[in-house]
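These notes are about the structure you will find just below.
When a ligand or atom number is given, it counts from 1 through the structure's own listing order. Side-chain atoms are counted along with the backbone in the values below, which use heavy atoms only and exclude waters and symmetry mates.
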Amino acid sequence: MNAIFNFLKKYALIIVIAFSIGAFAGYKALESLDVQALTNATPVPEGLITDKDAFFEILPEGKVLTQKKLTSVDKKAKNIILLIGDGMSISQISSYRLLKGGPNARLSFDKFPISGIVLTHSEDAIVTDSASSATAYSTGKKTNNGVLGLDKDKKFLENLTEKIYKYGFVSSLISTSDITHATPAAFAAHVDSRSKTDDISKQMMESNVMVILGGGRHLFLPEKVGGKRKDGIDLLQEVRSSHTLLTTIDDLDDFDFIDNTKVIGLFADEHLRDIEKPDNHSLEPSLSDMLAFAIKRSLQFNEDGCKGFFIMAEGSQVDWAGHANNINYLKKEMQDFDEAVQNALDYAKESQDTLVVVTADHETGGLLIEPASLTNYTAPEVKFSFNTGIGYGSHTGVPVPVYAYGPGSENFTGTLDNTDVYHAMIEALDLGSQSGSCFQ
Ligand SMILES: [Zn+2]
């Protein structure tokens with residue numbers, strides 16, 4: 001007995017270490033078996049990421065939102081170009097910068113003298129959708145997710161294009177998705193659900209917006225002729241009689257600028273650059289092409305007596321790339337948006353009378369830039385990962401950046417609520433007296 005005790009005493013440390021290693025190895029083997037068994041039994045549900053540290057917290061009672069005190073703008077803007085990268089926060093911009101030319105590359109965004117941070121929550125959710133966020137930008141009021149141009153009680157909210165029309169301004173809306181999508185729709189329509197595309201397209205057509213460019217021909221055609229309208233109305237026919245309808249980039253290039261009609265350009269059945277419709281791509285304009293057209297058209301209206309113009313141009317599919325968790329898609333869409341932003345900035349620098357505001361409605365995908373290896377930060381590869389869902393991501397509640405250049409840009413600094421962006425745009429404009437439409 002003593003001999004055994006002495007043996008144990010002498011080799012205690014070795015025994016403990018050996019036991020620990022054995023136990024750890026056994027635990028790891030069991031763990032991998034368990035995980036394997038679990039994975040086989042219940043596959044990881046789509047839309048969930050299970051291997052991250054998550055905390056579910058009840059937030060403190062919400063305070064009432066107070067409007068940010070703005071600096072009164074002395075040198076007013078004649079025109080505003082608002083560019084919205086749907087689903088684009090700092091991580092989307094940073095990823096594009098890295099993919100385009102490494103960490104020292106500079107994008108259009110980096111050339112703005114003024115930048116700030118925008119909080120994006122909606123009336124009823126910390127994580128907004130595009131409809132409520134775009135309504136905040138178009139009306140200066142919070143609303144519920146999914147709602148366009150109405151408040152949480154479904155009361156009508158006058159939007160920016162309607163307001164400035166009464167002061168003699170002209171507006172254009174541009175999108176690379178269906179033109180009835182939430183962001184452009186918030187500047188021309190008033191519906192309690194963004195899915196009511198029959199109503200949205202009709203309201204957009206009947207609105208005071210003089211130039212509407214994007215995709216979505218099917219939203220103007222009834223189902224019986226291959227469209228998506230449930231109400232059976234051939235709105236495309238109505239557009240042909242009330243507007244100039246453009247359907248290809250050649251129509252855009254060949255447009256007779258003497259013509260004084262409203263313009264609707266529908267360059268694809270659904271969204272632009274649809275991967276399922278490659279034959280149509282060569283007929284479609286880029287965001288920059290559409291922006292150049294809208295600027296040229298608006299300047300013509302200014303010459304003919306309008307006080308100024310407002311253009312909203314959306315890089316719609318940055319958001320879809322985030323939902324799809326697809327970095328190559330994101331790169332392509334960011335490139336298109338970056339080009340349009342650069343063109344807007346170039347125009348504003350040349351004209352010196354135009355405020356350019358670049359922002360986003362929310363972040364999409366929980367995009368992270370990580371080292372490729374946790375033990376080797378200097379490895380040549382960089383890991384881009386989407387962190388809101390496997391296969392199909394969601395929006396997140398992180399703030400988005402805002403960049404501004406030109407008269408009135410001084411208010412787009414510090415932290416703004418998304419509703420403040422509207423008020424800062426209105427403060428920037430030289431509205432003058434309510435002179436009525438410049439088209440009568
Ligand atoms: Zn969005």
Side-chain angles (χ1 to χ4, degrees), residues 47 82-93 95-96 109 117-139 141-149 159 173-189 191 193-197 200 204 214-216 270-273 287 312-326 329-330 332-334 336-338 340-341 357-367 386-389 392-403 416-419 421-422:
L82 169 66
L83 295 121
I84 298 179
D86 200 309
M88 180 197 76
S89 190
I90 289 289
S91 48
Q92 281 73 17
I93 294 170
S95 297
Y96 177 60
F109 313 97
I117 290 168
V118 179
L119 308 177
T120 63
H121 59 284
S122 73
E123 178 71 39
D124 65 345
I126 295 302
V127 179
T128 188
D129 84 317
S130 303
S132 56
S133 188
T135 298
Y137 290 145
S138 69
T139 70
K141 297 275 183 347
K142 293 275 188 201
T143 193
N144 292 345
N145 279 9
V147 178
L148 292 165
N159 68 44
L173 300 175
I174 306 170
S175 166
T176 56
S177 62
D178 307 336
I179 197 65
T180 56
H181 243 258
T183 308
F187 288 85
V191 289
S193 168
R194 58 185 286 182
S195 65
K196 293 183 175 173
T197 50
I200 294 169
M204 289 183 85
E270 286 162 35
H271 54 279
L272 303 189
R273 300 188 287 273
L287 191 60
M312 191 293 297
E314 181 199 29
S316 322
Q317 297 181 49
V318 174
D319 173 64
W320 297 2
H323 280 297
N325 291 358
N326 186 328
Y329 188 6
L330 181 86
K332 221 174 86 208
E333 292 305 316
M334 282 300 300
D336 187 53
F337 189 66
D338 181 40
V341 171
V357 179
V358 185
T359 188
D361 49 356
H362 53 77
E363 196 269 352
T364 305
L367 179 59
F386 294 91
N387 287 271
T388 52
Y392 196 84
S394 69
H395 299 177
T396 72
V398 299
V400 294
V402 60
Y403 304 96
L416 295 89
D417 185 74
N418 55 7
T419 54
V421 171
Y422 166 88

Can you see whether D417 engages T419 through a side-chain donor-acceptor pair at a distance of less than 3.5 angstrom? yes
min-distance N/O/S atom, D86 vs the Zn ion (ligand 1), resolves to OD1
Cut-off 3.5 Å, side chains only: do S316 and D86 have a donor facing an acceptor? no
Assess the side chains of H362 and S130: does a donor N or O sit below 3.5 Å from an acceptor N or O? yes
Among the N, O or S atoms of D361, the one nearest the Zn ion (ligand 1): OD2
Run N418 and T120 through side chain to side chain donor-acceptor pair (under 3.5 Å) and show every step you take. CA-CA 6 Å; N418 55 7; T120 63; 5.8 Å; no
Using a cut-off of strictly less than 2.8 Å, determine whether S130 has an N/O/S atom near the Zn ion (ligand 1). yes
So does H395 have any N/O/S atom less than 2.8 Å away from the Zn ion (ligand 1)? no
